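Keep in mind the model is a prediction, meaning the values are calculated, not measured. Sequence positions, counted from 1, serve as the residue numbers for this chain.
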Amino acid sequence: MRVMFVHGACVRDGSWWWHRTAELLRERGMRSVAPALPSCGEAGLPGGRGGPGLPEDVAAVRQVLLDSDEPTVVVAHSYGGIVTAEAAAGFGAVRHLVMISSYLPEVGQSLSDFGDGSPAPFLDVDSDAGTFGVRSELLVDTFLQDCDPEIQAQAADHLARQSVHVTGQPVRAAAWHQVPSTYLVCAQDRGTPPRLQRDFARRASSVVELDAGHHPFLSQPDAVRDLLRSL
């Protein structure tokens, strides 16, 4: 069984965000991959105005899925749920979806459909450049309050500016209609409100709740490992 992690918004180096859980999985013989998302300036493509958006992110994830017919669990975090909804559709090798504090869109919905029309207070939007990112001074208190100091200190080096295109581009498929899914609600999340997570969780096949912040795969990797091994 292979695990694919699709990271959230405004970060890069998915393998770093995933590394604590990936190491525990590797000890149990499960390998993992973490595709680069072009809208975050990864994969050698610039983000920003006129740059890559959701379609390019979807294509990048689908390309990695095409690389192997090995049974795969796709783990989507936050914005990664938008990408995964479309990218994982139509792949017989995808056996399960795990959504962690994740958006879970219907066909035709976009990231902007889940907000109130104004940027979240922890985001910095540069309209001229066509990008948005996390305010570094709010990173720890919003997203990493339950992580250890080492992780908190390293995380800022793995932030990215992301193309604003992704906020308004709708998904063209909703894989969770066809693939069994588990939603992991992070009850102490200060970025994606638990209330919103529980709304999304009603769309999933099963729900697990963890007393964790936005990144449980960093703060409680053993719990995430155990969830994945149970599928």
Side-chain angles (χ1 to χ4, degrees), residues 1-40 42-44 56-104 143-144 146-148 150-151 154-155 157-160 175-176 179-186 204-206 208 210 212-231:
M1 182 73 72
R2 177 176 69 153
V3 175
M4 174 185 287
F5 175 68
V6 183
H7 68 67
C10 304
V11 303
R12 58 181 177 83
D13 303 333
S15 58
W16 180 85
W17 294 93
W18 182 236
H19 75 277
R20 287 198 162 176
T21 298
E23 289 168 4
L24 296 178
L25 291 173
R26 189 160 47 247
E27 291 172 0
R28 301 301 177 92
M30 295 176 68
R31 72 182 187 93
S32 62
V33 292
L37 298 186
S39 73
C40 292
E42 299 184 291
E56 288 78 14
D57 289 347
V58 168
V61 171
R62 290 180 70 84
Q63 183 56 57
V64 177
L65 285 170
L66 285 167
D67 288 344
S68 172
D69 58 3
E70 185 178 5
T72 300
V73 174
V74 181
V75 183
H77 179 235
S78 196
Y79 161 74
I82 301 285
V83 180
T84 296
E86 182 173 339
F91 283 93
V94 176
R95 303 298 174 83
H96 206 98
L97 304 176
V98 177
M99 324 302 290
I100 299 179
S101 189
S102 173
Y103 296 94
L104 198 54
F143 297 109
L144 300 162
D146 59 335
C147 292
D148 64 44
E150 179 185 8
I151 291 294
Q154 294 174 359
D157 292 335
H158 302 276
L159 293 178
W176 54 271
V179 182
S181 59
T182 298
Y183 196 105
L184 176 57
V185 174
C186 299
S205 307
S206 61
V208 176
L210 190 63
H214 194 64
H215 294 90
F217 37 89
L218 288 172
S219 63
Q220 298 186 42
D222 53 341
V224 178
R225 173 205 59 196
D226 291 346
L227 172 60
L228 294 176
R229 293 192 69 239
S230 73
L231 300 176

What pairs of donor and acceptor atoms, side-chain ones from residues 26-37 against any protein atom, are under 3.5 angstrom apart with sequence neighbours left out?
from : atom 1 : to  : atom 2 : distance (Å)
R31  : NE     : E70 : OE1    : 3.3
R31  : NH2    : E70 : OE1    : 3.2
S32  : OG     : W18 : NE1    : 3.1

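Across all their heavy atoms, S102 and G81 have their closest contact at OG-CA, 3.1 Å. Closest approach of H7 and G14 over heavy atoms only: CD2-CA, 3.8 Å. Scanning all heavy atoms of the two residues, the minimum distance from A204 to Y183 falls at CB-CB, 3.8 Å. For the residue pair A88 and L97, the shortest heavy atom distance occurs at CB-CD2, 4.0 Å.
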| query | Does the side chain to side chain contact (heavy atoms under 4.5 Å, CB included) test come out yes or no for E86 and D57, once each step is laid out? | reply | CA-CA 10 Å; E86 182 173 339; D57 289 347; over 6 Å; no

| task | Go through C186 and I100 one step at a time and tell me if the side chain to side chain contact (heavy atoms under 4.5 Å, CB included) criterion holds. | result | CA-CA 7 Å; C186 299; I100 299 179; 4.0 Å; yes

| Check against side chain to side chain contact (heavy atoms under 4.5 Å, CB included), W176 and M99 | CA-CA 10 Å; W176 54 271; M99 324 302 290; 5.8 Å; no

| field | Candidate pair F143 and C10, rule side chain to side chain contact (heavy atoms under 4.5 Å, CB included), full reasoning | value | CA-CA 12 Å; F143 297 109; C10 304; over 6 Å; no

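A ring-centre distance under 6.0 Å is found for H158 and W16.
Expressed to the nearest 0.5 Å, how far CZ of F5 lies from OG1 of T84 amounts to 9.5 Å. Taken to the nearest 0.5 Å, the CD atom of Q154 stands 11.5 Å off from the CG atom of D13. Atom CG of L228 is separated from atom NE2 of H96 by 9.0 Å, given to the nearest 0.5 angstrom. A distance of 11.5 Å separates CG of D222 from CG of L227, quoted to the nearest 0.5 Å.
Taking the side chain as every heavy atom from C-beta outward, E23 and P221 never approach each other to under 4.5 Å. Side-chain atoms of I151 and H19, non-hydrogen and from C-beta on, do get closer than 4.5 Å to each other. The closest side-chain heavy-atom distance from L210 to V208 is not below 4.5 Å. Looking at M1 and R229, their side chains never come closer than 4.5 Å, going by heavy atoms from C-beta outward. Looking only at side-chain heavy atoms (C-beta outward), S101 and V185 stay at 4.5 Å or farther from each other. Proximity of L65 to R2: side-chain heavy atoms (C-beta onward) are separated by under 4.5 Å at one or more points. In this structure the side chain of Y103 reaches within 4.5 angstrom of the side chain of S78, judged on heavy atoms.
A donor-acceptor pair is defined here as one N or O able to donate and one able to accept, closer than 3.5 Å; no such pair exists between the side chain of S219 and the backbone of C147. Within the 3.5 Å criterion, the main-chain N or O of F91 finds no donor-acceptor partner in the side chain of R62. Distance alone, capped at 3.5 Å, places no donor-acceptor pair between the D146 side chain and the A212 backbone. Looking at R225, its side chain never comes within 3.5 Å of a backbone N or O of T21 through a donor-acceptor pair.
When each of V61, V94, V75 is checked for a side-chain contact (heavy atoms from CB on, under 4.5 Å) with M4, only V61 meets the rule.
Partners of D148 by salt bridge (Lys or Arg N to Asp or Glu O under 4.0 Å), not counting sequence neighbours, listed by chain and number: R20.
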